Amino acid sequence: CSGVHGPAHRLAAQSRGETRNRFITRVLQEAVRARRDAEITRRLNELFADPELAGAQVRTAGDLDTAGTDWSDERW
């Protein structure tokens, strides 16, 4: 038998102590999350591909770093 009802899914679910349905649900949730994360990454890459925006981000990060506290001399 192939597809979702195949024995590999049952064995994988059993090895994780899950029902077959719970295993399938978890795998599908992880697939949706991975797709969403990939879409967010794609959009961020497009956004930061703009040299003007990337430069502004670098300048802002530098400004924040300059304004921040110097932790190098802190005694822990």
Side-chain angles (χ1 to χ4, degrees):
C1 190
S2 64
V4 172
H5 301 288
H9 291 84
R10 279 194 296 272
L11 291 173
Q14 285 175 349
S15 72
R16 297 179 63 89
E18 297 176 325
T19 65
R20 184 180 59 84
N21 286 342
R22 177 66 190 129
F23 175 79
I24 292 168
T25 299
R26 187 176 49 75
V27 168
L28 290 174
Q29 287 172 334
E30 290 175 11
V32 168
R33 185 176 303 116
R35 179 177 285 176
R36 185 177 55 238
D37 290 351
E39 178 62 17
I40 291 169
T41 299
R42 184 190 66 75
R43 288 181 182 182
L44 286 171
N45 287 340
E46 285 178 4
L47 186 64
F48 288 109
D50 177 347
E52 186 175 322
L53 180 61
Q57 290 294 315
V58 169
R59 288 187 297 277
T60 300
D63 292 344
L64 291 171
D65 186 43
T66 300
T69 302
D70 180 9
W71 293 92
S72 62
D73 63 350
E74 289 294 315
R75 301 221 194 289
W76 296 92

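Heads up: numbering here begins at 1 and tracks the sequence. Small disclaimer: the values here were computed from a predicted structure and weren't measured. Values reported hereafter were calculated over all heavy atoms of this structure, with side chains retained and with hydrogens, waters and symmetry mates removed.
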Show the atom names and distances, to 0.1 Å, of all donor-acceptor pairs under 3.5 Å that link a side chain in residues 56-67 to residues at least two apart or in another chain.
from  : atom 1 : to    : atom 2 : distance (Å)
Arg59 : NH1    : Gly55 : O      : 3.3
Thr60 : OG1    : Ala56 : O      : 2.9
Thr66 : OG1    : Gly62 : O      : 2.9

Subject >> Atom pair CD/CD1 of Glu18 and Ile24 - distance to nearest 0.5 Å >> reply: 10.5 Å
Original post:
Is there side-chain contact between Asn45 and Thr41, with at least one heavy-atom pair below 4.5 Å?
Top reply: yes
Tell me, please, which residues at least two apart from [X] pass side chain to side chain contact (heavy atoms under 4.5 Å, CB included).
X: Asn21; answer: Thr19
X: Gln29; answer: Arg22, Thr25
X: Glu39; answer: Arg42, Arg43

Subject >> Residue pair Ser15 / Ala12: nearest heavy atoms and the distance that separates them >> reply: OG-O, 2.8 Å
Subject >> Nearest heavy atoms of Phe23 and Ala13, plus distance in Å >> reply: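 Looking at all heavy atoms of both residues, the closest pair is CB-CB, 3.5 Å.
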**OP:** Go through the structure and list residues passing side-chain hydrogen bond (donor to acceptor under 3.5 Å, both in side chains) with Glu30, not counting sequence neighbours.
**Re:**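 Here the qualifying residues are Arg26.
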